[in-house]
Structures are given as structure tokens and as C-alpha cells.
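Beneath this line is the structure, given in C-alpha cells, with notes to follow.
None of these values were measured; they are calculated from a predicted model.
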Amino acid sequence: METIRIATTPFEGQRPGTSGLRKKVKVFQQPGYLENFVQSILDTLPELRGGSLVVGGDGRYFNREAIQVILRLAAANGVRRLIVGRGGLFSTPAVSCVIRKYKTQGGIVLSASHNPGGPDEDFGIKFNSANGGPAPESVTDAIFARTKTIDRYLTLDTPPVDLDQPGVCTLGETEIEIIDPVRDYADLMEALFDFDAIHHLFNSGHFQMRFDAMHAITGPYAIEILENRLGAAPGTVMNGVPLEDFGGGHPDPNLAHAQELVALTHGSDGLDFGAASDGDGDRNMILGRNCFVTPSDSLAILAANAHLLPGYRQGIRGIARSMPTSQAANRVADFLGIECFETPTGWKFFGNLLDAGRITLCGEESFGTGSDHVREKDGLWAVLFWLNLLAVRQQSVAEILTDHWRRFGRNFYTRHDYEGVDLEAAEGLVDHLRRLLPDLPGRQLGAETVSYADDFAYTDPIDGSVSERQGIRIGFASGARIVYRLSGTGTSGATLRVYLEYFEPNPALHQRDTQDAMRPLVLIARELAQIETRTGRTEPDVVT
């Protein structure tokens with residue numbers, strides 16, 4: 001089969017962000033746009049020639065067409081074996097699982113994570129390395145450099161591969177195996193958790209739950225694991241069929257976008273447990289009856305209780321959290337006598353720590369939690385962890401949360417997102433804060449005294465690489481913090497995220513409403529950054 005060489009010219013702006021390259025679908029549909037980026041991956045990573053590659057995505061609009069392009073380019077560039085999820089589907093943590101299980105040279109994940117899907121919405125692509133995790137900055141920088149000089153891509157002129165028929169076929173000299181996208185991942189979950197205990201919980205007659213798959217990728221995974229293997233009642237999984245446009249919804253598991261599920265947990269007869277995952281399956285939201293567990297608290301609670309579960313019976317080696325995530329996990333690490341690392345936002349920063357055996361659990365405030373079982377955050381894993389914990393401790397979500405705060409104190413925490421902000425205005429706001437930093441320590445802001453103020457920089461303790469300008473941190477003598485950061489997960493404008501944290505050691509004050517407790521800090525954050533003046537926004541778009 002003859003390889004076809006197509007002349008091309010570079011496209012502007014193909015720099016991968018924290019989770020790959022994300023743009024509107026119509027951008028990716030431009031002739032040569034996807035081809036240029038995929039060819040740049042293949043040119044940058046010579047180990048893929050003669051190697052194996054996993055390919056799959058979250059099923060959003062353009063997923064199938066993109067996979068056909070990738071298969072033809074991979075075959076033309078000498079990739080020996082391609083492992084593809086049936087229907088072109090794979091959750092992001094499942095891609096990591098399959099890369100690691102079959103020892104491939106990497107994987108290509110097609111997703112824009114929690115962003116909306118559809119013809120006028122978002123699409124994304126990223127490369128995961130042989131460890132199963134997102135490519136490090138050295139690799140993504142090299143891919144980007146290649147996109148700026150590329151002058152040709154290699155492909156084949158072949159009919160589409162049947163993605164729905166399990167089995168092995170060939171494309172030129174390349175073997176393509178279409179596999180069940182769920183089985184390997186589900187088997188791994190069964191090895192980590194006590195499925196018998198969770199099955200007993202489901203069949204106790206005293207426990208009701210729902211899992212909202214948000215018409216995204218985790219639907220098939222949750223149905224197989226929760227309903228088929230664990231015996232949860234049919235219908236436990238809501239919105240379980242993946243749709244190209246996620247049913248017109250926003251597949252972001254938070255209080256604003258999963259309101260149907262949240263409503264089911266309210267009231268005296270509300271669900272005992274509610275959970276949701278996002279577009280590509282790597283995020284999670286945990287709810288109890290009349291109770292929301294912040295991702296920061298979730299990470300800390302899982303760390304404090306990991307020894308109760310089969311996969312972590314020997315204890316944990318360390319914890320890592322992204323810088324904007326609350327310091328609740330630090331308090332658990334101190335109690336356990338283990339290391340706790342503060343990294344920039346982006347799961348790739350956890351990879352070196354996991355590979356070096358320095359940490360077992362890691363998490364981000366943006367609804368991502370994970371462990372050393374894969375190299376991605378893992379939404380369904382976190383849900384199963386909580387279910388196993390509920391089964392073992394025989395307590396409600398609220399009781400576990402309250403007990404944890406009583407032991408370690410409560411880190412009140414909230415995040416305010418200002419979405420679609422004019423990019424120039426957002427960058428001007430951050431520059432304004434940077435100019436203030438040297439003069440802030442010792443300054444009185446409201447009732448708080450600034451103890452430190454910086455633009456967070458991270459030196460990787462494993463490879464010594466340095467990542468600068470990762471977010472503005474302002475810490476106060478009371479232990480409170482304000483963090484400002486421009487997000488890299490959107491496809492238009494800028495998202496300004498403001499993270500606020502306040503530590504309360506007194507159990508008598510732990511049940512205060514979060515937004516009431518945080519109001520003084522919110523006012524400080526808005527005034528200091530001149531948010532309304534600089535962005536025109538009087539209120540955030542999303543509060544979590």
C-alpha cells in the first residue's frame with residue numbers, strides 16, 4: 001500500500017495547553033489542521049515507528065472522523081500496532097490503563113474534557129506517554145515546535161476502518177485491534193476495591209445512589225461496574241448513553257451543571273450518595289444527602305482512610321496536590337508522617353512523582369482525583385473509593401466529612417470562575433497583581449495580614465525542570481489564601497479562576513455556610529484584583 005506525501009503549511013496556535021490542544025470543532029475540521037498536529041506528534045516521537053499506540057476518545061462530535069485520520073497517518077508513518085476502543089471510545093483513565101497494561105509507546109486521547117460538544121462546540125487532542133500520563137512539557141514543547149515548521153504529512157488512501165467490530169484488521173502493514181474499551185479498566189477497579197463489600201451495601205436495602213454520566217464517556221463504564229458487576233439497581237446510572245453533543249448539556253460535574261443530580265440528594269428523603277463524572281471520565285463530584293464534598297476535602301479524606309481499602313492496605317507513600325487545591329491534604333500528610341507536594345495545575349506534573357514512587361494519591365481542586373493505579377485523574381475510581389469507604393465505615397457521607405473536620409480542622413474552600421473574559425483584560429488583571437506582589441507582605445487587607453505573596457514557580461524534585469508563572473498566591477497570617485490563575489482549558493477568551501481558602505480549627509464553627517464564611521475573603525480578592533473594573537464582571541459565572 002503506497003504512502004501518500006501531502007504538502008502542507010503550518011497553522012498558527014497549535015501549542016498544547018495543560019491538557020493538549022483544544023479548539024472549536026470547525027478549527028479541527030479545516031483541511032490539514034488535525035493532520036499537521038498528528039504528524040507533528042509522529043515526527044517528534046521516533047519510538048512510535050515500529051511501536052504500539054492506543055487511540056480513542058470521549059465520543060464527542062468529530063471523534064470518529066478524527067480517529068480515521070489518525071489511523072491512516074499512524075499506519076503511513078510506520079506505527080506497528082494500534083489499539084482502538086470499540087466505537088472509537090475510551091475514557092481518559094482507561095487509555096492510561098491500556099497503555100500501561102499492554103506496554104505501548106503511548107496513546108492519543110481525543111477529548112476536550114468537561115467542555116461542551118457538538119458541531120459548534122469544542123474538540124481536543126493530546127498525547128499520553130508510555131507511562132500512561134499526559135506528555136511532559138519537554139514533549140509538548142517539541143510537538144509545538146514541529147507544528148511551526150511542518151511542510152508535509154504522510155497518509156494512506158484507504159476506506160474507513162470499521163470501529164464497531166471487535167477483532168484485528170490491518171491497514172497497510174499496521175495491525176489494528178478493536179477492543180472492548182471497558183473490560184481492562186473494570187478489571188483493574190475490581191483488583192483495587194472490595195467489590196463484595198460494595199455489593200452488600202447496594203443490597204442492604206438502606207442505601208440509595210445515582211451516578212450521573214452526563215451523556216458522556218463514563219456511561220458504559222458505570223453501567224458495567226456499578227450495575228452489572230456490583231449489582232446496583234438498573235437505572236442507578238443516569239444519562240448513561242454517550243452522545244456526540246452530551247445531550248445538549250455541559251459535561252462538567254459540579255453544582256452548576258449537574259443540578260438534576262444535586263436536587264435528588266436534597267431533603268430528608270434525598271439520596272444517600274450521588275456522584276457524577278465529566279466528558280472524558282477523569283473528573284468526579286461527590287455528594288451525600290444535603291451534602292457536597294469539595295474535591296480538596298475528598299483528596300484529604302481518601303488519604304486519611306486509604307488503609308481501609310484493599311488496594312491501599314499497606315498505606316500510602318505520599319500525597320500531591322495542585323497549588324490552588326486547599327491545604328487539607330497537607331494536614332493529613334503531616335499526621336501520617338509522609339510527604340505532601342504542591343505542584344502546578346495539570347496532571348502531567350504528578351507523573352514524575354508517581355513514577356518515582358514518592359506519592360500514592362494526588363488531586364486537584366478542579367474535581368480531579370487519582371492514584372498510582374494509572375497516570376491520569378480518574379472519576380469513576382474516586383466514586384468507587386467513596387463507595388468502598390461508605391461500605392467499610394458504615395457512616396453517611398456527612399458523618400465521614402464531619403469526623404474528618406473534627407480530627408484535622410476544616411479548610412473552607414470555594415472557587416469563583418469568570419468565564420469568557422476578554423483575553424487582554426484578563427492578562428492586564430494578572431499583570432496588575434504581579435506589580436503589587438513585592439509590596440503586599442505585611443500589608444493589612446480587611447481583617448487579614450498578608451504573610452507572603454508570589455507568582456508560584458515549581459521545581460520538579462525528580463528531574464529538576466522549572467515551571468514559572470503558575471498562579472498568583474497571596475497567603476495570610478491566619479492561614480487563609482487567595483489564588484488567581486488564568487485557566488488553559490477553554491477554547492475562546494480567558495477564564496479567570498479565583499480560589500479562596502480559610503482554615504477553621506474550631507468544630508463549633510465547621511457547619512457554617514461556605515459562602516458566608518468566605519465573604520470577607522471574597523471582597524478582598526475582588527478589590528485587590530480590581531475584577532469589576534478590569535473585566536466588567538460583577539459576579540462570577542460559576543461558584544464551586
Side-chain angles (χ1 to χ4, degrees), residues 1-17 19-57 60-84 88 90 95 99 104-112 122-130 134-135 138-163 169-176 491:
M1 189 173 294
E2 183 178 355
T3 297
I4 303 172
R5 182 187 182 97
I6 306 292
T8 189
T9 55
F11 289 87
E12 290 289 332
Q14 287 196 319
R15 176 184 286 279
S19 296
L21 180 67
R22 293 183 184 173
K23 303 287 182 183
K24 293 297 182 184
V25 167
K26 285 182 170 56
V27 174
F28 274 98
Q29 288 176 323
Q30 297 174 87
Y33 189 90
L34 176 62
E35 288 87 344
N36 274 21
F37 190 77
V38 174
Q39 185 67 55
S40 296
I41 293 173
L42 296 164
D43 287 347
T44 303
L45 299 156
E47 63 269 26
L48 294 177
R49 177 173 289 276
S52 300
L53 186 67
V54 179
V55 181
R60 68 178 56 233
Y61 189 87
F62 194 57
N63 187 75
R64 282 178 171 266
E65 295 87 342
I67 287 178
Q68 298 292 346
V69 170
I70 293 166
L71 298 184
R72 289 192 291 268
L73 266 72
N77 281 271
V79 176
R80 178 182 56 82
R81 184 187 183 208
L82 293 161
I83 301 174
V84 185
F90 262 134
V95 169
I99 290 172
T104 74
Q105 279 62 57
I108 291 179
V109 185
L110 300 173
S111 175
D122 299 340
F123 193 76
I125 179 172
K126 71 173 181 175
F127 179 76
N128 278 30
S129 301
S138 59
V139 173
T140 56
D141 286 347
I143 292 170
F144 176 54
R146 179 57 181 150
T147 68
K148 295 190 290 185
T149 62
I150 191 167
D151 61 359
R152 60 91 183 102
Y153 60 85
L154 306 180
T155 188
L156 301 176
D157 184 10
T158 59
V161 174
D162 184 353
L163 301 177
C169 64
T170 58
L171 195 60
E173 297 181 1
T174 299
E175 177 183 284
I176 299 176
T491 59

Closest non-hydrogen contact found for F127 with L48 is CE1-CD1, 4.2 Å
Practice prompt. Could you tell me whether K24 and D122 have a side-chain N and a carboxylate O separated by less than 4.0 Å?
Written response: yes
One should read off an interatomic distance between I83 CD1 and E175 CD, to the nearest 0.5 angstrom, of 9.0 Å
dist L82:CG -> S52:OG (nearest 0.5 Å) comes out at 8.0 Å
For L171 and L71 the tightest heavy-atom approach is CD2-O, 3.6 Å
Query raised in the report: What do the steps show when you test Q105 against L45 for side-chain contact (heavy atoms from CB on, under 4.5 Å), and what is the final call?
Result: CA-CA 9 Å; Q105 279 62 57; L45 299 156; over 6 Å; no
Exercise for review: Determine, stepwise, if the pair T170 / I176 fulfils side-chain contact (heavy atoms from CB on, under 4.5 Å).
Suggested key: CA-CA 6 Å; T170 58; I176 299 176; over 6 Å; no
**OP:** Classify the angle between the aromatic ring planes of F62 and F28 as parallel (below 30°), tilted (30 to 60°) or perpendicular (above 60°).
**Re:** tilted
Could you check I70 against I125 for side-chain contact (heavy atoms from CB on, under 4.5 Å), going step by step and ending with a plain yes or no?
-> CA-CA 11 Å; I70 293 166; I125 179 172; 4.3 Å; yes
What one should report as the nearest heavy-atom pair of I143 and F37 is CG2-CE1, 3.9 Å
Smallest heavy-atom separation, R60 atom then A112 atom, equals NE-N, 3.4 Å
Distance-only check: which donor-acceptor pairs under 3.5 Å involve side-chain atoms of residues 147-154, not counting sequence neighbours?
{"unit_1": "T147", "atom_1": "OG1", "unit_2": "F144", "atom_2": "O", "d": "2.6"}
{"unit_1": "T149", "atom_1": "OG1", "unit_2": "R146", "atom_2": "O", "d": "3.4"}
{"unit_1": "T149", "atom_1": "OG1", "unit_2": "R146", "atom_2": "NH1", "d": "3.3"}
{"unit_1": "R152", "atom_1": "NH1", "unit_2": "D43", "atom_2": "OD2", "d": "3.1"}

Is F90 close to V109 at the side-chain level, that is, under 4.5 Å between some pair of heavy atoms? no
By side chain to side chain donor-acceptor pair (under 3.5 Å), T155 pairs with (sequence neighbours left out) none
Between the CG atom in L53 and the CG atom in N77, the distance rounded to the nearest 0.5 Å is 11.0 Å
Quiz item: Is there side-chain contact between C169 and D162, with at least one heavy-atom pair below 4.5 Å?
Solution: no
Hits for salt bridge (Lys or Arg N to Asp or Glu O under 4.0 Å) against R64, two or more places apart or cross-chain, chain-then-number order -> D164
Are T174 and R81 linked by a side-chain donor-acceptor pair shorter than 3.5 Å?
no
Heavy atoms of A130 and T104 approach each other most closely as CB-O, 3.6 Å
Interatomic distance, CG@L34 vs CD@Q39, rounded to 0.5 Å, equals 11.5 Å
Scanning both residues in full, the closest heavy-atom pair of S129 with A135 reads OG-CA, 3.5 Å
For E65, the salt bridge (Lys or Arg N to Asp or Glu O under 4.0 Å) test, sequence neighbours excluded, returns none
Residues pairing under salt bridge (Lys or Arg N to Asp or Glu O under 4.0 Å) where one sits in residues 26-40, two or more places apart or in two chains, turn out to be K26-D120
Can you find a heavy atom in the side chain of L163 that is under 4.5 Å from one in the side chain of Q68?
yes
key: Working for side-chain contact (heavy atoms from CB on, under 4.5 Å), residues L21 and K126   = CA-CA 6 Å; L21 180 67; K126 71 173 181 175; over 6 Å; no
Exercise answer: donor-acceptor pairs, residues 4-16 side-chain atoms, under 3.5 Å, sequence neighbours excluded:
{"unit_1": "T8", "atom_1": "OG1", "unit_2": "N36", "atom_2": "OD1", "d": "2.8"}
{"unit_1": "T8", "atom_1": "OG1", "unit_2": "N36", "atom_2": "ND2", "d": "3.4"}
{"unit_1": "Q14", "atom_1": "NE2", "unit_2": "Y33", "atom_2": "O", "d": "3.1"}

